[in-house]
A.B. asks: 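Below is one structure. I have some questions about it.
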Amino acid sequence: MTGAQALVHCLVREGVDVVFAYPGGASLPMQQALSHEPSIRTILPRHEQGGAFAAEGYGRVTGRVGVCMSTSGPGATNMVTPIADACMDSVPMVAITAQVGCSMIGTSAFQETDVFGMTAPLVKHSYMITRVEDIPRIVKEAFHLARTGRPGPVLIDVPKNIQTAVFTPDFGAAMDLPGYHPGIPLPAKSLDEALPIILKAQRPAMYIGGGVVIADAAAELREFAERTQIPVANTLMGIGAMPASHPLSLGMLGMHGSVAANNTVNEADVVLAIGVRFDDRVTGAVHGFCQHAQIIHVDFDAVELGKNKRVDMEIRADARHALQYWNSRLEEQGVHVRSYALENRPAWFGMIDTWKQQYPLAYELREHEIVPPLVIEELYRQLKDEDAIICTGVGQHQMFTAQFYKFEEPRRLSTSGGLGSMGYGLPAAMGAHVACPEKQVVNIDGDGSFLMNVQELATIHTEHMPVKSIILDNQHLGMVVQWEDLKYASNRANTFLADATKGYDPSHKTEELLYPNFPVLCAGFGVKCERVTEPEELPAAIRRMLEAKEAYVLDVMVPHDVHVLPLIPGGMTYRDVVLERVAGDGKGRPASSLGREIPSAL
């Protein structure tokens, strides 16, 4: 068979059921081979970035490897952002790119780019296949690398002459990865040393990240929290690892986290950090993060231990295996599961309850205006009894979703974390739907982020995907506007998305001032779109969207002057939290920081 046919057969052997592939001259042989393989659904995105984000969405909600394909040159470079995104958030993905023929490499041939080199810092491994006989081994290695250890993207670059070469493949070829050992032994000694420290703490807290979700350790985490009665705060990537409704759940911490989550972790005497990397959006000024705590850091990746924050105990371990071990030890000691026991450390839980009661996540309703959190809460109210998947773009809508949608299970939120890629939401929702066609999939987006991959409405329509989208449409780049308000005296520097010469109607009643006109735009793609401007219209509109059998877009007009709060400004600590909408002081700082009024446990 040809190299292209062998590659597709290898995909079948790896259990691949869908490939998001955009064709071009250099990838024609692979596309032709895919067209003759009935067990693989080949989906044509309308942009290579959309296809790769869709593969990411598939990988995030399933834990399986998402697969995307492009032609050489611009097709390959269009996938670089999703590859970087998958790298930052540890998403298993195999990106297959076509390349000019081997004899033309290095000649600046038509549509030649060194995608092998340019993606090297962004992948677990890059391959360029120069011998057709290597295809079975390389594909097997690529999928093994992508899904094992700390997951991530792997690139396979396939020159055109390799695709057309005819050979007799050896599909039983062994992998050759002498330096790769993804399995790590359980560090029982370190875990045994850490457990008494955790149990003796008077003000313990857990700080949980995406590593817990990746390790499929949510059940073990909940059991451990209930045995030890330790409150749990999660990062954006850790959402769903602990049910939001659980009494021990504090919700999200970090820049836009709750006061209770940030204070609990920062004022704890022992912090158990699992599957986290002490990201700056969580820690703020890292030197001021958890200053008074003994920190025990458990992570699979040795690179993350001690990288951003010095801790008291570093434990390299798989999160699920570590939690299983601790749970077995606690069972032996007679420490049993209890949902919530307030009598355990009453002073500490009393303080946490004070923070929750006095500083809840809240927002102000407005007459004749739909504020963004109201949309998220109404969507959750209508979906809470369904096992739905929520995708988002990046911006204020993403943070409002993290704050006000209550996720009870892991892998129900698909969002771009570390890279913060606008345009992620719509194509990711395609991938999530293909992976889980029985689930309701809703993309919550901003008008700016939605436009970045709006062309994927064509894919959604032609592939008959009943993906729903809610656009929180404020005619601005809302998150940047928020920072302009805080730091630059509300001076707008290209953050207004409509026609500045025509002005802006904050009531959204002047049709000609709205840009783009999403109902008209969506109609061009054959997708129903409804605009909502009044709060009383919202519940019925969301219900119509969710009950629709086909794709549906809800264009919800929201004010542009609503800030995502709380806010810990970059480089500051949890005691510098801003709780009210304030203007800047002209020196690049919020005019006031209200966090020092918050009672402290210290």
Side-chain angles (χ1 to χ4, degrees), residues 86-92 121-125 145-153 179-199 201 204-218 220-221 224-225 228 230 232-238 241 253-254 265-266 268-327 329 417-419:
C87 176
M88 290 287 280
D89 290 348
S90 304
V91 179
L122 308 175
V123 294
K124 286 188 73 173
H125 197 63
L145 289 167
R147 67 165 68 101
T148 59
R150 181 176 182 173
Y180 183 66
H181 307 288
I184 55 176
L186 184 74
K189 184 174 182 293
S190 296
L191 294 171
D192 282 336
E193 291 172 354
L195 192 55
I197 298 172
I198 296 167
L199 295 177
M206 279 197 275
Y207 155 36
I208 299 303
V212 174
V213 175
I214 291 167
D216 294 322
E220 289 78 7
L221 169 66
F224 182 75
T228 58
I230 297 178
V232 179
N234 57 261
T235 67
L236 177 66
M237 291 291 97
L253 80 164
V265 171
N266 276 282
D269 58 359
V270 173
V271 171
L272 178 55
I274 307 179
V276 300
R277 54 191 179 88
F278 293 90
D279 176 72
D280 63 286
R281 285 293 172 114
V282 170
T283 66
V286 69
H287 62 84
F289 184 69
C290 300
Q291 281 184 302
H292 312 284
Q294 279 185 278
I295 302 176
I296 300 167
H297 187 190
V298 179
D299 202 277
F300 185 91
D301 191 349
V303 171
E304 297 298 343
L305 298 173
K307 183 177 80 174
N308 292 331
K309 175 75 174 177
R310 287 187 177 276
V311 300
D312 299 275
M313 184 176 291
E314 299 175 356
I315 302 176
R316 187 186 179 205
D318 176 273
R320 185 160 60 91
H321 296 162
L323 288 164
Q324 284 175 339
Y325 182 84
W326 275 332
N327 285 328
R329 281 283 189 259
L419 196 65

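All of these numbers come straight from a predicted model, not from anything done at the bench. Note: hydrogens, waters and symmetry copies are ignored here, and every other heavy atom, side chains too, is used.
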A.B. asks: Checking the side chain of D89 only, and the main-chain atoms of G418 only, is there a donor and an acceptor separated by less than 3.5 Å?
C.D. replies: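 Yes: the side chain of D89 pairs with the backbone of G418.
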A.B. asks: Indicate the atoms forming the closest heavy-atom contact of A322 with L186, along with that distance.
C.D. replies: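 The answer is N-CD1, 4.2 Å.
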A.B. asks: Ignoring hydrogens, what is the shortest heavy-atom contact between S90 and I214? Give both atom names and the distance.
C.D. replies: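 The pair with the smallest heavy-atom distance is CB-CD1, 3.5 Å.
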A.B. asks: So how far is it from Q324 CD to L191 CG, rounded to the nearest 0.5 Å?
C.D. replies: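 Answer rounded to 0.5 Å: 11.5 Å.
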A.B. asks: Does atom CZ (R281) have a neighbourhood of more than 12 heavy atoms from anything else shown, all under 6.0 Å?
C.D. replies: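 No, because the 6.0 Å sphere around CZ of R281 holds 12 heavy atoms or fewer from other groups.
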A.B. asks: Could you pull out the closest heavy-atom pair between K124 and T148, with the gap in Å?
C.D. replies: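 Reported closest heavy-atom pair: NZ-O, 2.9 Å.
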A.B. asks: Side chain of D301, backbone of V303: donor and acceptor closer than 3.5 Å?
C.D. replies: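 Yes; judged by distance alone, with no hydrogens or angles, the pair exists.
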A.B. asks: List the steps, then state whether side chain to side chain contact (heavy atoms under 4.5 Å, CB included) holds for L253 with T235.
C.D. replies: CA-CA 6 Å; L253 80 164; T235 67; 4.2 Å; yes
A.B. asks: Please evaluate residues I230 and I198 with respect to the criterion side chain to side chain contact (heavy atoms under 4.5 Å, CB included), reporting the C-alpha separation (whole Å), side-chain torsions for both, the decisive distance (0.1 Å), and the verdict.
C.D. replies: CA-CA 9 Å; I230 297 178; I198 296 167; 3.4 Å; yes
A.B. asks: Answer yes if the ring centres of F278 and H297 are under 6.0 angstrom apart, and no otherwise.
C.D. replies: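 Yes: the rings meet the under 6.0 Å criterion.
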A.B. asks: Supply the atom-to-atom distance M206 CE to F224 CZ, rounded to the nearest 0.5 angstrom.
C.D. replies: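 If I round to the nearest 0.5 Å, the distance is 5.5 Å.
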A.B. asks: Does D192 come within less than 4.0 Å of R329, counting only side-chain N to carboxylate O?
C.D. replies: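 Salt bridge flag = yes for R329 with D192.
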A.B. asks: Work out which heavy atom in Y325 is nearest to a heavy atom in A188; give both atom names and the distance.
C.D. replies: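 In terms of heavy atoms, the two residues are closest at OH-CB, 3.6 Å.
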A.B. asks: Working to the nearest 0.5 angstrom, can you tell me the gap between L221 CG and N234 CG?
C.D. replies: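 The distance works out to 9.5 Å.
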A.B. asks: Run T228 and L199 through side chain to side chain contact (heavy atoms under 4.5 Å, CB included) and show every step you take.
C.D. replies: CA-CA 7 Å; T228 58; L199 295 177; 4.0 Å; yes
A.B. asks: Locate the shortest heavy-atom distance separating R320 from D216; write the atom from each residue and the value.
C.D. replies: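 Looking at all heavy atoms of both residues, the closest pair is CD-O, 3.1 Å.
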A.B. asks: Do V298 and W326 touch side chain to side chain, with heavy atoms closer than 4.5 Å?
C.D. replies: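 Yes. Closest side-chain heavy atoms under 4.5 Å.
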A.B. asks: Going from CD1 on I315 to CG on L272, what distance comes out if it is rounded to the nearest 0.5 angstrom?
C.D. replies: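 Those atoms lie 8.0 Å apart.
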A.B. asks: How long is the straight-line distance from CD1 of I184 back to CZ of R316, given to the nearest 0.5 Å?
C.D. replies: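 Here the interatomic distance stands at 4.5 Å.
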A.B. asks: Would K309 and I295 count as a side chain to side chain contact (heavy atoms under 4.5 Å, CB included) here? Give the steps.
C.D. replies: CA-CA 10 Å; K309 175 75 174 177; I295 302 176; 3.9 Å; yes
A.B. asks: With the side chain counted from C-beta on, respond yes when I296 and I197 share a heavy-atom pair under 4.5 Å apart, and no when they do not.
C.D. replies: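 Heavy-atom side-chain distance check passes, below 4.5 Å.
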A.B. asks: Rounded at 0.5 Å granularity, tell me how far CG in D318 sits from CG in L323.
C.D. replies: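 Reported to 0.5 Å precision, the distance equals 9.0 Å.
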A.B. asks: Where do V213 and A241 come nearest, in terms of heavy atoms and distance?
C.D. replies: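 Distance-wise, the nearest heavy atoms are CG2-CB, 4.1 Å.
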